[in-house]
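Residue numbering restarts at 1 for every chain, and letters A, B, ... go by the order of the sequence lines.
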Amino acid sequence: DAGVTQSPTHLIKTRGQQVTLRCSPKSGHDTVSWYQQALGQGPQFIFQYYEEEERQRGNFPDRFSGHQFPNYSSELNVNALLLGDSALYLCASSFFSGTGGLKLFFGSGTQLSVL
Amino acid sequence: AQTVTQSQPEMSVQEAETVTLSCTYDTSESDYYLFWYKQPPSRQMILVIRQEAYKQQNATENRFSVNFQKAAKSFSLKISDSQLGDAAMYFCAYPTGANSKLTFGKGITLSVRP
C-alpha cells in the first residue's frame, strides 16, 4: 500500500517563474492538504482539497493555487515566484469523513529553492 | 486564534534516558485532539501520538506517552528509553475542526547522545 507520494523531490527556480508540485494521496484517502515549511519552522497550512474543490485556505496569497483531480491526486501551483517562497512543501492526505480527529499522512515533501 | 507554543528550540538526551518535550496551546473549543509529529532527516512527518481532549487518561504508544493538562492547556511528550533513532524534530499540532487544518508549533530539535 503506497503512502503519500510527492514529485519532484527537489526543484530550483528563478524569481518570477511558475512552479507545479504534484501529490498522490494514500490509497483510500479523498482529501489532500498542502503545507509550506520554511527552514527551522513548523509547517503552515496553505489549503485543502476535497471533491475537487478548495475547502479551506490558510493565509497565503492568490499566487498559490491548487487543483484536485477525480483520482484524488492534487497539484500545487505557485506563480510569480519570490525568494521567500523557498521552502519544503508538504502534501498530506486524509479521509474527509474519518472519525477520531484529523489523521494526516504526509509525503516526504518537495524542496523548492528560488534563486 | 488557535496557537501552539513550543518554547524549547533544542533538547538533548542520553541514550536509554527519558526526556520530556513541552507544548502549550490556546483554544476556546472544548472537544478537540492534539498531536505530536516527528520529522527525521528524511523530512517526512510521522504521527507519534494523539490525545483526545475529552479523555482523562493520557495517551501512550510504546515508549511515547503524553502528559495532558487540559485546564493548563499543556500537552507534553515523554520519550522513555531514548534511542538513537529518536533524534529528529518534534512538532506539537492542534487541528481546527475535525477535518480541517493542523496548526503546528515551531518544533523542538531532539538530539540523542550515545
Side-chain angles (χ1 to χ4, degrees), chain A residues 2-6 8-10 21 23 25-26 29-51 53-60 66 87-112, chain B residues 1-10 21 23-25 27 29-55 59 61 66 68 75 88-110:
Chain A
V4 180
T5 58
Q6 292 186 244
T9 55
H10 294 84
L21 311 181
C23 172
K26 179 179 170 63
H29 285 181
D30 56 9
T31 303
V32 173
S33 301
W34 288 92
Y35 289 79
Q36 180 195 66
Q37 186 178 16
L39 188 64
Q41 301 292 319
Q44 298 286 320
F45 176 78
I46 303 175
F47 43 53
Q48 180 190 75
Y49 276 84
Y50 169 66
E51 290 187 334
E53 289 187 9
E54 183 182 293
R55 298 286 175 167
Q56 290 272 339
R57 189 177 183 92
N59 189 25
F60 280 81
L88 178 68
Y89 288 83
L90 293 166
C91 171
S93 74
S94 57
F95 184 52
F96 189 81
S97 299
T99 57
L102 182 62
K103 291 189 73 174
L104 294 182
F105 289 80
F106 285 84
S108 294
T110 294
Q111 183 65 52
L112 173 64
Chain B
Q2 287 84 4
T3 59
V4 179
T5 302
Q6 295 180 258
S7 57
Q8 308 153 304
E10 296 180 0
L21 311 181
C23 172
T24 58
Y25 62 96
T27 180
E29 298 183 20
S30 59
D31 188 16
Y32 49 89
Y33 291 82
L34 292 162
F35 302 88
W36 276 98
Y37 277 87
K38 170 185 177 181
Q39 189 176 40
S42 67
R43 306 178 307 180
Q44 185 172 21
M45 300 286 280
I46 301 166
L47 178 62
V48 175
I49 199 165
R50 179 182 64 172
Q51 174 74 43
E52 299 168 77
Y54 67 89
K55 286 191 175 180
E61 289 285 346
V66 301
F68 175 50
F75 180 58
M89 281 202 77
Y90 286 82
F91 294 93
C92 176
Y94 168 83
T96 52
N99 292 300
S100 185
K101 66 178 183 178
L102 281 182
T103 297
F104 288 85
K106 288 188 174 182
I108 299 172
T109 300
L110 177 67

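- Residue A/F106 holds its CZ atom at 14.0 Å from CZ of B/R43, rounded to the nearest 0.5 Å.
- Going from atom CG of B/L47 over to atom CZ of A/F105 covers 7.5 Å, rounded to the nearest 0.5 Å.
- Heavy atoms of B/L102 lying under 4.5 Å from chain A belong to its backbone as well as its side chain.
- Only the side chain of B/Y37 comes within contact range of chain A, judged by heavy atoms closer than 4.5 Å.
- Of all heavy-atom pairs spanning B/Q39 and A/L88, the tightest one is NE2-CD2, 3.9 Å.
- Dense packing is recorded around CD of A/Q37, with more than 12 heavy atoms of other residues, nucleotides or ligands lying under 6.0 Å away.
- Here A/E51 pairs with A/R55 under the salt bridge (Lys or Arg N to Asp or Glu O under 4.0 Å) rule; sequence neighbours left out.
- When all heavy atoms of B/M45 and A/P43 are compared, the closest pair comes out as CE-CG, 4.0 Å.
- Heavy atoms closer than 4.5 Å to chain B are found in the side chain of A/Y35, but not in its backbone.
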